[in-house]
Every structure is written in C-alpha cells, then in structure tokens.
2 protein chains.
Amino acid sequence: MSEKTQKAGRGRSRPPVRTDAGDSVSLEEPELNMRIVELLQQDGRMPYSSIASIVGVSEGTVRNRVKQLIADNVITIQAEALPDAFGYKFNTMTFINVAAGADVDAVARRLAQLPDVYYLTMLLGRFDLGMATYHKSQEDFREFLIRHCYGHPDIAEVENSLVLKVHKVKLHWSLDDDARRGPASS
Amino acid sequence: MSEKTQKAGRGRSRPPVRTDAGDSVSLEEPELNMRIVELLQQDGRMPYSSIASIVGVSEGTVRNRVKQLIADNVITIQAEALPDAFGYKFNTMTFINVAAGADVDAVARRLAQLPDVYYLTMLLGRFDLGMATYHKSQEDFREFLIRHCYGHPDIAEVENSLVLKVHKVKLHWSLDDDARRGPASS
DNA sequence: TTGACAGTTTGCGATTTTCGAAGATATCTC
DNA sequence: GAGATATCTTCGAAAATCGCAAACTGTCAA
C-alpha cells in the first residue's frame with residue numbers, strides 16, 4: 001500500500017449535492033455516505049481503513065463522515081442484545097384508547113418512560129396508542145397493566161395481545177430495497 | 001501500561017456459573033459479559049482495550065467474549081439508520097387474521113420476506129399477525145396492501161393503522177432496568 | 001487425594017488502525 | 001480573480017488489534 005509517492009490531497013471530487021428539501025444531509029441519494037453506512041450495517045466495528053479501501057476514499061474521509069453521521073443522529077452504532085438474553089421473555093402488545101378530552105401526548109410520554117416499554121407509537125385508526133412491552137413473567141405483566149394502564153382516568157380502553165413469535169425485526173435499510181421490491185412499482 | 005513485569009496469566013477468577021436452565025450462556029447474571037455489553041450499548045466502536053481497563057480484565061478477554069457473544073447471536077454490533085433517512089416516511093401498522101384452516105406460519109413467512117416489512121409477529125388475541133411497515137408514500141402503501149394482503153385467500157381480515165408518531169423505540173436492555181422499575185415489584 | 005482435562009485468562013510482539021494536523025483542491029460569493 | 005468555505009488527502013505518532021503460547025483454575029475420573 002505504499003507504492004504511492006508523496007502526493008498531496010486531490011481535493012473533493014463530489015459536488016455538495018443538496019436534496020431539494022432544505023434539511024440536513026440524509027442518505028437518500030446513493031452516495032458515499034450510503035455506501036459507508038451499508039458496510040457498517042454489516043459490521044459496526046469494521047475498521048475505517050477497510051471501509052475506505054472498499055469505497056475508494058481515504059481513511060480520514062470515512063472517519064469524518066461517520067463521525068458527522070453519528071453527530072447528526074442519522075445513524076447509531078451500538079451493540080444490541082435481545083431482551084430474551086436479559087430474561088425478558090414475556091412479550092406483549094397493548095393498544096390503548098385515551099379518554100375523551102385526555103391528552104394523548106401526555107399519556108404517551110408517561111408510558112414511554114417505563115422501562116418495560118420498548119416500542120410506543122401514536123396511531124391513527126382503531127386505537128390511539130400502540131405499545132410493545134417485555135416482561136420477565138406473566139405476573140410482571142399483570143402488575144404492569146394494573147399499575148400503569150387500568151385505573152388511570154385518562155385511559156379509556158385497553159386491548160392486549162400476547163406476542164407468540166417474532167417473525168421479523170428489520171433494523172437496517174438500504175437503497176437495495178428498491179430493487180428487491182419487485183417490478184411493477186408504478 | 002508497562003510497569004508490570006513479565007507475569008503470566010492469572011487464570012480464571014470466575015467459576016463457570018450456569019443458570020439453572022440448561023441453555024447456553026446468556027446475560028442474565030450480572031457478570032462480565034453484562035458489563036461489557038452495556039459499554040458496547042453506549043458505543044459500539046469502543047476499543048476493547050478501553051472496555052478492558054474499565055471492567056478490569058485484559059484486552060484479549062474482552063475481545064474473546066465479544067466474539068463469542070456475537071457468534072452465539074446474543075448481541076449484534078451494527079450501524080442503524082432510521083428509515084426516514086432512506087426516504088421511508090410512511091409508517092403503518094397492519095393487523096391480519098388468517099382464514100380458517102390457513103397456515104399462519106406460511107402467511108407470516110411470506111410477508112416477512114417483503115422488504116417493506118420491518119416488524120412482524122404472531123399474536124394471541126384480536127388478530128393473528130401484527131406487522132409494521134415503512135413505505136415511501138401513501139401510494140406505495142396502497143400497492144403493498146393490494147398486492148400482498150388483499151386478495152390472498154389465506155388472509156381473511158386486515159386492519160390498518162397509520163403511525164403518526166413513534167414515541168419510543170428501545171433497543172437496549174440492561175439489568176439496571178430492574179432497579180428503575182419501581183419498589184413494589186412483588 | 002491425585003492427576004489429567006477443558007475452558008479461560010493473560011502477556012507480548014508484530015501488524016493494523018486510529019488520530020490530529022497540515023496541505024491541497026474544488027465550489028461559491030463577491 | 002481573490003477570498004472564504006468545505007471537504008479530501010497525506011503523514012507520522014500513538015493506540016488498538018490480532019494471533020499465539022503459556023499459565024491458571026475448577027471439574028471429573030481414577
């Protein structure tokens with residue numbers, strides 16, 4: 001890797017393309033950031049130098065890009081452990097309708113603080129809120145329901161489903177998805 | 001870091017504790033693996049040597065443990081990008097009841113293959129399957145529904161909710177959760 | 001009790017990688 | 001064109017990783 005004689009930087013080769021929307025840099029255009037992120041989606045600890053040689057830029061560029069992407073909250077690089085590994089084996093989905101006149105956001109914020117809740121969204125449809133929770137046991141779930149859902153005047157309706165099996169959890173997105181989606185995509 | 005004279009390994013200081021269940025090593029007991037993983041949950045690229053000095057073992061031990069945890073599918077270390085960053089801004093939840101006599105698993109497997117689906121579970125309750133999807137537009141979602149849900153004889157009922165706001169996505173678990181859960185925990 | 005045995009941990013040197021700083025190149029503005 | 005801005009590259013020092021052999025400990029059988 002040292003056949004290059006001393007040669008100064010070649011400068012930027014990519015114009016500062018900006019998406020029409022005025023927001024910050026994203027990953028929508030299949031550019032350098034995208035290719036870097038796709039590699040880090042395969043292995044979050046891949047050395048910058050390896051990424052650099054694959055995508056064809058210098059190590060420093062990869063390092064700066066990743067640092068910027070993380071700082072901008074576009075990506076995160078973290079270890080993930082399945083809740084099962086921590087003993088949380090009782091997995092449920094709970095749907096909630098708030099009482100008439102109640103503050104949906106307030107209810108959502110209150111529930112979102114609970115450590116058992118790992119997914120909470122505001123919905124438009126049959127229910128106002130959808131919530132996924134993990135518990136160590138059925139008894140823990142019962143206590144969770146009693147304490148945090150039933151008896152609260154701002155919660156009018158609660159419907160529960162037990163998660164029997166998680167078939168798929170997809171955390172990673174890439175532009176390749178477009179290709180895989182199938183032909184007739186209008 | 002070199003004030004130590006040549007000294008061979010001290011050997012293992014942790015007995016091979018095994019949880020009563022006979023399954024493979026997990027993260028349930030608050031041991032070394034747990035502390036390593038918790039650090040990697042904060043920064044997936046934290047150097048092994050830094051982790052080692054924090055938890056008080058050698059770098060090689062941390063490296064071996066992490067390698068093993070990844071090989072055992074207990075943890076993953078990967079970059080995550082929000083679907084928004086890739087242009088997937090139309091977020092829905094779809095609930096499905098399969099037709100009487102149909103194979104729930106087969107339906108689940110078919111849907112799980114679709115790139116738009118990022119979460120798919122088998123449920124016990126009002127619906128048989130719960131599915132979360134991301135699409136680039138409302139029109140894409142409509143096509144998704146028509147092609148993959150409606151018209152399939154093994155799908156009897158479909159109910160959709162639009163995700164208006166994701167309040168919480170929790171990917172990381174730790175034993176600290178137990179402490180935060182509150183006092184009266186039976 | 002004793003002696004393998006298996007599983008981990010450690011130390012270490014060679015190789016890679018990271019890091020920070022400085023120079024180079026291109027774009028944009030005036 | 002000159003200057004400002006932003007990004008990329010190079011480079012050497014510092015740090016981290018990797019592979020391996022040796023050492024340690026608890027288990028199990030004799």
Side-chain angles (χ1 to χ4, degrees), chain A residues 1-20 22-27 29 31-37 39-40 42-72 74 77 79, chain B residues 1-20 22-27 29 31-37 39-40 42-72 74 77 79:
Chain A
M1 301 299 186
S2 67
E3 65 258 88
K4 292 182 185 174
T5 57
Q6 182 173 347
K7 184 177 59 168
R10 288 200 305 279
R12 71 185 302 173
S13 56
R14 180 184 64 90
V17 266
R18 287 226 157 260
T19 170
D20 20 9
D23 47 19
S24 69
V25 60
S26 76
L27 267 45
E29 51 264 358
E31 54 168 327
L32 186 56
N33 283 354
M34 179 63 96
R35 291 197 288 156
I36 293 172
V37 170
L39 290 170
L40 286 172
Q42 297 169 26
D43 176 6
R45 289 185 76 91
M46 181 180 290
Y48 294 144
S49 48
S50 303
I51 299 172
S53 68
I54 293 174
V55 303
V57 295
S58 72
E59 176 269 341
T61 298
V62 174
R63 178 156 38 100
N64 289 333
R65 293 282 189 127
V66 172
K67 183 179 177 184
Q68 192 65 39
L69 286 169
I70 292 175
D72 292 348
V74 176
I77 302 180
Chain B
M1 304 298 184
S2 67
E3 65 260 87
K4 293 181 185 174
T5 58
Q6 182 172 349
K7 184 178 57 169
R10 287 202 307 276
R12 70 184 305 172
S13 57
R14 179 184 62 91
V17 267
R18 286 226 157 262
T19 169
D20 20 10
D23 47 20
S24 68
V25 59
S26 75
L27 269 42
E29 51 266 359
E31 54 169 328
L32 186 56
N33 283 355
M34 179 63 96
R35 290 197 288 156
I36 293 172
V37 170
L39 290 170
L40 285 172
Q42 297 169 26
D43 176 6
R45 291 185 74 92
M46 182 180 289
Y48 293 144
S49 48
S50 303
I51 298 171
S53 67
I54 292 174
V55 303
V57 294
S58 72
E59 176 268 341
T61 298
V62 174
R63 178 155 41 100
N64 290 336
R65 295 282 189 123
V66 172
K67 183 180 176 183
Q68 193 65 39
L69 287 169
I70 293 175
D72 292 348
V74 177
I77 303 178

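So that the names make sense, note that chain A is the first sequence line, chain B the second, and so on, each numbered from 1. In this text, all values refer to a predicted model and were calculated from it rather than measured experimentally.
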Checklist outcome for this item: Between CD1 of B/Ile36 and C1' of C/dT9 the distance, given in whole Å, is 12 Å
Checklist entry - Between A/Arg45 and D/dT17, is there a side-chain N or O to OP1/OP2 distance below 4.0 Å? => result yes
Next on the checklist: Taking side-chain contact (heavy atoms from CB on, under 4.5 Å) as the criterion, tell me which of B/Leu69, B/Val66, B/Leu32, B/Ile77 meets it with B/Val37.
Outcome noted: B/Leu69
Checklist entry - Taking NZ from B/Lys67 and P from D/dC20, how many angstroms apart are they, rounded to a whole number? => result 10 Å
Checklist outcome for this item: With B/Arg65 as partner, the option from B/Val57, B/Ile36, B/Ile51 fulfilling side-chain contact (heavy atoms from CB on, under 4.5 Å) is B/Ile36
Item to check | Presence of A/Arg65 side-chain N/O under 4.0 Å of D/dC8 phosphate oxygens OP1/OP2 | outcome: yes
Next on the checklist: Does a side-chain N or O of A/Ser49 approach OP1 or OP2 of C/dT18 to a distance below 4.0 Å, or not?
Outcome noted: yes
Item to check | B/Arg63 side chain to B/Ser58 backbone, donor-acceptor under 3.5 Å | outcome: no
Checklist outcome for this item: Separation of D/dC8 atom P from A/Leu32 atom CG, nearest Å, is 7 Å
Item to check | Length of the line joining B/Glu59:CD and D/dC18:P, which is rounded to integer Å | outcome: 8 Å
Next on the checklist: Tell me the interatomic distance from B/Asn64, atom CG, to D/dG19, atom P, rounded to whole angstroms.
Outcome noted: 10 Å
Next on the checklist: Rounded to whole Å, please give me the gap between CZ in B/Arg63 and P in C/dT8.
Outcome noted: 16 Å
Checklist entry - Choosing from C/dT10, C/dT17, C/dT18, which nucleotide comes nearest the side chain of A/Ser50? => result C/dT17
Checklist entry - Counting any heavy atom closer than 4.0 Å, what does A/Ser58 reach on the DNA or RNA strands: base, sugar-phosphate only, or nothing? => result base
Checklist entry - Measuring from B/Ile70:CD1 to A/Asp43:CG, what's the distance to the nearest 0.5 Å? => result 7.0 Å
Checklist entry - What's the CG-C1' distance between B/Asn33 and C/dT8, to the nearest Å? => result 12 Å
Checklist entry - When we call it a touch if two heavy atoms are under 4.0 Å apart, what does A/Thr61 touch: a base, just sugar-phosphate, or nothing? => result base
Item to check | Rounded distance in Å - OH (A/Tyr48) to P (C/dT17) | outcome: 13 Å
Checklist entry - Which heavy-atom pair separates A/Met46 from A/Leu40 by the least distance, and what is that distance? => result O-CD2, 4.3 Å
